[in-house]
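The structure under discussion appears below in the form of structure tokens.
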Amino acid sequence: MLDIKLIRKHPDTFKQNFVRRGDAESLEILDALLKHDETWRQLLTEANALRHERSKLTNKVADLKKAGKEYRNLIEQGKQLAKNITLLEDRARTQKQTVDELLINLPNMLHDSVPSGKDDADNMEVKVWGRPPTFNFPPKNHLEIGRDLGIIDEERGAKVSGHGFLYLSDQLVLLDLALQRFALDFMIAKGFRLVEPPFMMRRKPYSGVTALADFEQVMYKVEGEDLYMIATSEHPLAAMYMNEVLLRDDLPLGLVGLSPCFRKEVGSHGKYTKGLFRMHQFNKVEQFVFCHPSDSWRIHEELQANSEALYEKLGLHYKVVNVCTGEIGTLASKRYDINIWMADGVYREVGSNSNCTDYQSRRLNIRFREKEGQSPAGFVHTLNNTALATSRTMVAILEQHQQKDGTVILPKVLNRYMPGVTRLEPQLKSLNVNISYTKSFNIGTSDSSRRNED
RNA sequence: GCCGGGAUGGCAGAGUGGAUAAUGCGCAGGCCUUGAGAGCCUGUGGCCUUCUUGGCCGCAUGGGUUCGAAUCCCAUUCCCGGCGCCA
């Protein structure tokens, strides 16, 4: 949410910024906002004047009553006044709602360095690390590799849960866990606090962290409950300090979140949807920072360096782009994407680093104070950046580190997290083999007290 | 899930239908002092306004009763205690 006072003061600055976005709708909203805001202020002034009248009247009533004098004739006056106040208050409230709705639909102000453009073709490449791997054999995509190794089962995923769900097994699950732990340890060493957030959120805090369209396009709603499955741990992390005032000394506050992410992926037709790349459910380690407004641009670069270091340690070739005005979305003032090389030669997004400045914190009402005992001094800035989304990172590992024999050599940094597994190899026992579960595992113990402990 | 108690400023805590939300602590500024401290004085939430003046709102949130609500009623959220259920 933008600062309405600033908009009143410098409407042209905001207009120019929306023009850069090529956003005709926001320009219309801005005009409507200025008009309705003016009306609201008038109504408020009138309502206040009436309330002042009432306050004087009720004081008179109290005085007369105390003196034991007649006051009944004033009661009728008061009743009429109360009616008029209610009328004006209703109008003012409705008008304020209109203003708020318009305001919340305006996007964040773009940073000067954001390149102009329409779609991802206009994103500005700012860094390349490594180079594409070369193979003396036709490289496979990760789904073929995973299927051949017997560690990805797409068909059963679809059978049980529908398209966009997979069964992962054996070494691939260990790899997923290893990547999570690798990213977490890196972030913890950087001083971030490890947080496992709730995986579901109520609507109110949720509407503070994300664009309203996401409720239709992205989040799964739990039937019969005021709960939504989180699309990323960014959301519960951002909402964590909703309606709170943070102490300057505690800033910057860096959190590293670990959670599964649930996404409907409505409107993903025509996009790359193979295998692990675009799923309804995946695991992600997320960087999140609350900071003093003066620090956010420095920290934005630091978060970027963190992500890059993780991919470099994994030996994965990537490019960084400064996301253009047409692709950046409503929350971020500036955004870097990391795009990673895949076996078909296309670079696809694996992570996204946003400085939301005070846009998110205004919606969530997260402020800071300079010192204990003082009044709040302003809104914090928030930043969020992927550390590692394990699914997409696994795509890159499988495709960039694949071998001619169909195996995959794992990055050395993961060895300590997967003892004895240095490469992904064909599984001896395919999940397709019909084994008798009850015969192979002795679950019929005589200890009945343990029966319910699952 | 049931029963009971509760939610007041940055914090503690009074206020149980009628003026400015008492008082203390913290914080900010000033006086005093060579300096610090103590002491004393003033200020310390949000909104609107001609931004000096003035006015309104604010006692968890949303409704209601009343001329008038922190105070009475209803609903919701959260916290504490007890009971129940449970990995």
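These values consider heavy atoms only, across backbone and side chains, with no hydrogens, waters or symmetry-generated copies. Chain A is the first sequence line, chain B the second, and so forth, proteins listed ahead of strands; every chain is numbered from 1.
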Worksheet item: Given the rule that a pair is Watson-Crick or G-U wobble with both distances under 3.5 Å, how would you write RNA chain B in dot-bracket, using | for pairs to a different strand?
Response: ((((((((.[[[..)..(....]]]((((((.......))))))((((.....))))..[[[[[..)....]]]]])))))))....

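Separating the P atom of B:C57 from that of B:A12 is a span of 27 Å, rounded to the nearest Å. Nucleotides B:C73 and B:C78 are separated by 22 Å at their P atoms, to the nearest Å. Taking atom C1' in both B:G54 and B:C59, the straight-line distance is 25 Å, to the nearest Å. Look at the C1' atom in both B:C86 and B:G5: the space between them is 26 Å, to the nearest Å. Spacing between B:C79 and B:C72 at atom C1', rounded to whole Å, works out to 24 Å. Look at the P atom in both B:G63 and B:G55: the space between them is 27 Å, to the nearest Å. Taking atom P in both B:G82 and B:U8, one finds a spacing of 22 Å when rounded to whole Å. Between B:U16 and B:G29, the two C1' atoms lie 38 Å apart (nearest whole Å).
For the OP1/OP2 pair of B:C67 and a distance below 4.0 Å, the side-chain nitrogens and oxygens of A:K83 include no atom meeting the criterion. Remark: A:R202 is in phosphate contact with B:C78, judged by side-chain N or O atoms under 4.0 Å from OP1 or OP2.
Rounded to an integer number of Å, the gap from CE of A:M242 to P of B:U61 is 13 Å. Atom P of nucleotide B:C51 and atom NZ of A:K9 are separated by 12 Å, given to the nearest angstrom. Residue A:H52 contributes atom NE2, which lies 11 Å from atom P of B:G54 at whole-angstrom precision. Taking atom CD of residue A:E46 and atom P of nucleotide B:C47, one finds them 21 Å apart after rounding to whole Å. One atom, CG of A:L57, and another, C1' of B:G18, lie 12 Å apart when rounded to the nearest Å. Note: CD (A:E225) to P (B:U77) measures 11 Å, nearest angstrom. A:K65 places its NZ atom 12 Å from the P atom of B:G68, with the value rounded to the nearest Å. Nucleotide B:C27 holds its C1' atom 16 Å from the CZ atom of A:R248, rounded to whole Å.
Test A:D37, A:T13, A:L106 against A:I7 for side chain to side chain contact (heavy atoms under 4.5 Å, CB included) and you get one pass: A:L106.
Aromatic ring orientation, A:H235 versus A:Y206: perpendicular (interplanar angle above 60°, classes split at 30° and 60°). Ring geometry for A:H111 versus A:W297: interplanar angle of 30 to 60°, hence tilted. Under the 30°/60° scheme for interplanar angles, the aromatic rings of A:F18 and A:F14 are found to be tilted.
One finds a salt bridge joining A:E89 and A:R51 here, because a Lys/Arg side-chain nitrogen approaches an Asp/Glu carboxylate oxygen to under 4.0 Å. Salt-bridge annotation for A:K35 and A:D31: absent, with no side-chain N of the basic residue lying under 4.0 Å from a carboxylate O of the acidic one. Salt-bridge annotation for A:D63 and A:K60: absent, with no side-chain N of the basic residue lying under 4.0 Å from a carboxylate O of the acidic one.
Judged by distance alone, the side chain of A:R335 and the main-chain N or O of A:V323 form no donor-acceptor pair under 3.5 Å.
Checking A:A62 against A:E372, the closest nucleotide of RNA chain B that is more toward the 5' end is the one next to A:A62. Each of A:L74 and A:R8 was matched to the nucleotide of RNA chain B holding its nearest heavy atom; the match closer to the 5' end belongs to A:R8.
When each of B:C47, B:U44, B:C67 is scored by its nearest atom to the side-chain atoms of A:S375, the top-ranked nucleotide is B:U44. Comparing atom distances between the A:T58 side chain and each of B:G18, B:U44, B:C57 picks out B:G18 as nearest. Checking B:C48, B:U44, B:C56 against every side-chain atom of A:W40, the shortest atom distance belongs to B:C48. Checking B:C48, B:G10, B:C67 against the side-chain heavy atoms of A:R369 singles out B:G10 as nearest.
Ring centroid separation for the pair A:H142 and A:F277 does not come in under the 6.0 Å cut-off.
A cation-pi contact, defined as under 6.0 Å to the ring centre and within 45° of the axis, links A:R203 to A:F215. Cation-pi geometry between A:R202 and A:Y228 is not satisfied (NZ or CZ under 6.0 Å from the ring centre, within 45° of the ring normal).
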Hey, what are the protein-to-nucleotides 28-30 of chain B N/O distances that come in under 3.5 Å?
from: B:A28; atom 1: OP1; to: A:K371; atom 2: NZ; distance (Å): 2.7

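Looking at heavy-atom distances under 4.0 Å, A:G373 makes contact with a base.
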